[in-house]
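One structure below.
In what follows, every chain begins at residue 1, and chains take the letters A, B, ... in the order their sequences are listed. Bear in mind that the values here come from a model prediction, so they are computed numbers and not experimental data.
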Amino acid sequence: MEEESELLKKRREKIDSLKADGIDLYPNDARVGDTTASVSERFGPMVPEELEKITERFTLAGRLMAVRDFGKGAFISIQDRKGSLQAFLRKNQLGEKTFSLFKRLDIGDIIWVAGRVFKTRTGELTIDVEENGLRLLSKSLRPLPEKWHGLTDVEIRYRQRHLDLIVNPEVRKVFHQRSRIISLIRRFMEERDFLEVETPMMQPRAGGAVARPFKTFHNTLGMNLSLRIAPELYLKRLITGGMERVFEINRNFRNEGISTFHNPEFTMMEFYQAYATYEDLMTMTEELFVHIVRELFDSPKFRYQGKEIDLTPPWRRLTVRDAVVEIGGVENALLDDAGRMADLARKLGITVKQSDPPGKVLMAIFDETVEQNLIQPTFVTHYPIDVSPLSRRNAQERTLADRFELYICGKEIANAFSELNDPVDQRGRFEMQLREREDGDLEAHEMDEDYIGALECGMPPTAGEGIGIDRIVMLLTDSASIRDVILFPLLRTRDGGEHLAARCPHDND
RNA sequence: GGGUCGUUAGCUCAGUCCGGUAGAGCAGCGGACUUUUAAUCCGUUGGUCGCGGGUCCGAUUCCCGCACGACCCA
């Protein structure tokens, strides 16, 4: 048995003493009528004389966050989901028994108080706790992080998010904002008559994007499955099914690296609208973003990591080619010469294979020279067909796709295109992807006969878009890392992942 | 995968360059205090210095490896 810490031992002693007095450490019969916010919003503005006339009694519950003890009286702070409020405990008012309970409480305990409101000399709204108006609802055995500096160790913050949420109010605020943003998006879509749907997370073939999947296995069916990398192919089957306008806000899983902008599971909204084009979606995207920031900030502008971002439409529109020339500083004529383009890519440190199609090399150059410079919202258009296996071909330029990506603060935020609904062309695109897969590209799209079968039934002309929800939340909460907007980001297990990896060999390689 | 930095008390951090087994604040514990709010005042407990090796009379400190994390790069 491992030696118990001094602090834990002291708490256990207190527990024994409370139990000896017949006090239930985890009762379940407390009724809570109010919140810290409901009380402070109503009475905060009142002067002491007005408060004296209030005879109403309030009941609050929450976590004991601070104690300022004066011997026969004490101020305490109670924190609930809405904020915190101060309460005043007086020995002669609480009664001997309840006051002795208070003396054995610890910061971190969940408590219940009842009493009337008043204002202290310093003007702070306070609950004057009544006789027997204090109860212990749940005993805390572990000390909380320090009250002033809070919890700053990011590893503990992510691994023990509960502690982070208890002591860091700005963290709670980020996740409230996240919920608000998603709710605004959902309402925006519903108002435009989009139907919210849910499509499979476990898919026989992970399609709809260019990425490596996580693989798993269904025992009863004896079937290999992948966690989805995108819902795209299923959503478009719904379009074929006549739903015409659908959206899904849900998790995607990509078996790739982790960075400040990448978590292996992340949240995307994808939506599809029949009888629309990618150009319609640019307008709609502008409207969506402006709607969100106006609701949040009452302005089309916001700051991210010191930069002011202005979402006032219309946003800049730029073809991939123009972007690489104007922003990347690449000579225009070079882009028509596959050999020179590959040389440039290699000079930029990009690994180029002989078999790589020119469009793929162009996009690698774009990623290297342009992406991080697109700070203000920018639609990049005219993507090469080579890297757009599910997009409609441009009517004039047959090697280009009717597609855009949205960049803000140097990061890809959305990807959209007019959908390829010609099953013959689609089969050809899949075959091209298969050749890339044979050349060693593990991210290349697989052949999906079921999807082609659906296209053969006739899919209406449609445009679709995917928007990275985590990244929007990062931008709008000024968060530097995606881990700050995901409650439980993926981290390595503490005891080292090596033996676990050995026991569960993965078949992705 | 590579580079840089980090890991010391429950938490926030010193100390390590220049080797002699550790300090502060908060929390905790004891005492005083019934309008404080990082309450105050007096006293005080608490540490396998991330883990494993090596060098050395002696390692938290120097060297090597590993784990975990952060940032950057691929």
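Judged by atom type and distance alone, A:Asp153 does not reach the base of B:rU12 through any side-chain donor-acceptor pair under 3.5 Å. Taking 3.5 Å as the limit, the base of B:rU12 and the side chain of A:Thr152 contain no donor-acceptor pair of atoms between them. In terms of polar N and O atoms assigned as donor or acceptor, the side chain of A:Gln93 never comes within less than 3.5 Å of the base of B:rU34 in a complementary pairing. On a pure distance criterion of 3.5 Å, a polar donor-acceptor pair joins the side chain of A:Arg68 and the base of B:rU36.
Checking A:Tyr158 against A:Asp484 by side-chain atom types alone, a donor-acceptor pair falls below 3.5 Å. With no hydrogens or angles considered, a side-chain donor-acceptor pair links A:Arg104 and A:Ser100 at under 3.5 Å.
In this structure, A:Lys147 does not reach the B:rG28 phosphate: none of its side-chain N or O atoms is under 4.0 Å from OP1 or OP2. OP1 or OP2 of B:rC29 lies within a sub-4.0 Å distance of a side-chain N or O belonging to A:Lys14. For B:rA70, the OP1/OP2 oxygens have a side-chain nitrogen or oxygen of A:Arg483 closer than 4.0 Å. Contact check, A:Lys91 against B:rU34: no side-chain N or O comes under 4.0 Å of OP1 or OP2. Proximity of A:Arg121 to the phosphate of B:rU36: a side-chain N or O atom is located under 4.0 Å from OP1 or OP2. Put simply, A:Arg492 has a side-chain N or O that comes within less than 4.0 Å of OP1 or OP2 on B:rC68. OP1 or OP2 of B:rA70 has not a single side-chain nitrogen or oxygen of A:Arg157 nearer than 4.0 Å.
B:rU35 is unpaired under the Watson-Crick or G-U wobble criterion, no partner having all donor-acceptor distances under 3.5 Å. Taking a pair to require two hydrogen-bonding distances under 3.5 Å in either a Watson-Crick or a G-U wobble arrangement, B:rU7 pairs with B:rA67. Both distances falling under 3.5 Å, in either a Watson-Crick or a G-U wobble arrangement, place B:rG1 opposite B:rC73.
Counting any heavy atom pair closer than 4.0 Å across all strands shown, A:Leu7 reaches a base atom. Within the nucleic acid shown, A:Thr260 comes within 4.0 Å of sugar-phosphate atoms alone, with no base atom in reach, counting heavy atoms only. Within 4.0 Å (heavy atoms only), A:Ile156 reaches sugar-phosphate atoms of the nucleic acid but no base atom. Looking at heavy-atom distances under 4.0 Å, A:Leu491 makes contact with sugar-phosphate atoms alone, never a base. At the heavy-atom level, A:Tyr158 lies under 4.0 Å from the strands shown only through sugar-phosphate atoms.
As rounded to the nearest Å, B:rU36 and B:rC49 have C1' atoms that lie 38 Å from one another. Atom P of B:rC57 sits at a distance of 15 Å from the matching atom of B:rG19, rounded to the whole Å.
Checking B:rG10, B:rU35, B:rA38 against the side-chain heavy atoms of A:Trp148 singles out B:rA38 as nearest. Closest approach to the A:Phe88 side chain among B:rU35, B:rC71, B:rC11 is made by B:rU35 (side chain taken as heavy atoms from C-beta onward). Of all nucleotides listed (B:rC29, B:rA70, B:rC68), B:rA70 comes nearest to the side chain of A:Val154. For A:Thr126, whose side chain is taken as the heavy atoms from C-beta onward, the closest listed nucleotide among B:rU36, B:rU12, B:rC71 is B:rU36. Considering only side-chain atoms of A:Thr120, the nucleotide from B:rU36, B:rG69, B:rC29 that sits closest is B:rU36. Checked against B:rA74, B:rG69, B:rC11, the side chain of A:Leu151 finds its nearest nucleotide in B:rC11. Taking only side-chain atoms of A:Lys72, from C-beta outward, the nucleotide of B:rA38, B:rU12, B:rC33 with the closest atom is B:rC33.
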Verdict with supporting geometry, A:Asp80 and A:Thr36, side-chain hydrogen bond (donor to acceptor under 3.5 Å, both in side chains): CA-CA 7 Å; A:Asp80 66 10; A:Thr36 57; 2.6 Å; yes

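Salt bridge annotation for A:Asp106-A:Arg11: present, with a cationic side-chain nitrogen under 4.0 angstrom from a carboxylate oxygen. Classification of A:Lys91 and A:Glu96 as a salt-bridged pair holds, one side-chain N sitting under 4.0 Å from a carboxylate O.
By the 5.5 angstrom centroid cut-off and the 30-degree plane limit, A:Phe75 is classified as stacked against the base of B:rU36.
In this pair, A:Phe214 and A:Phe253 present their aromatic rings perpendicular. The plane angle is above 60°, beyond the 30 to 60° band.
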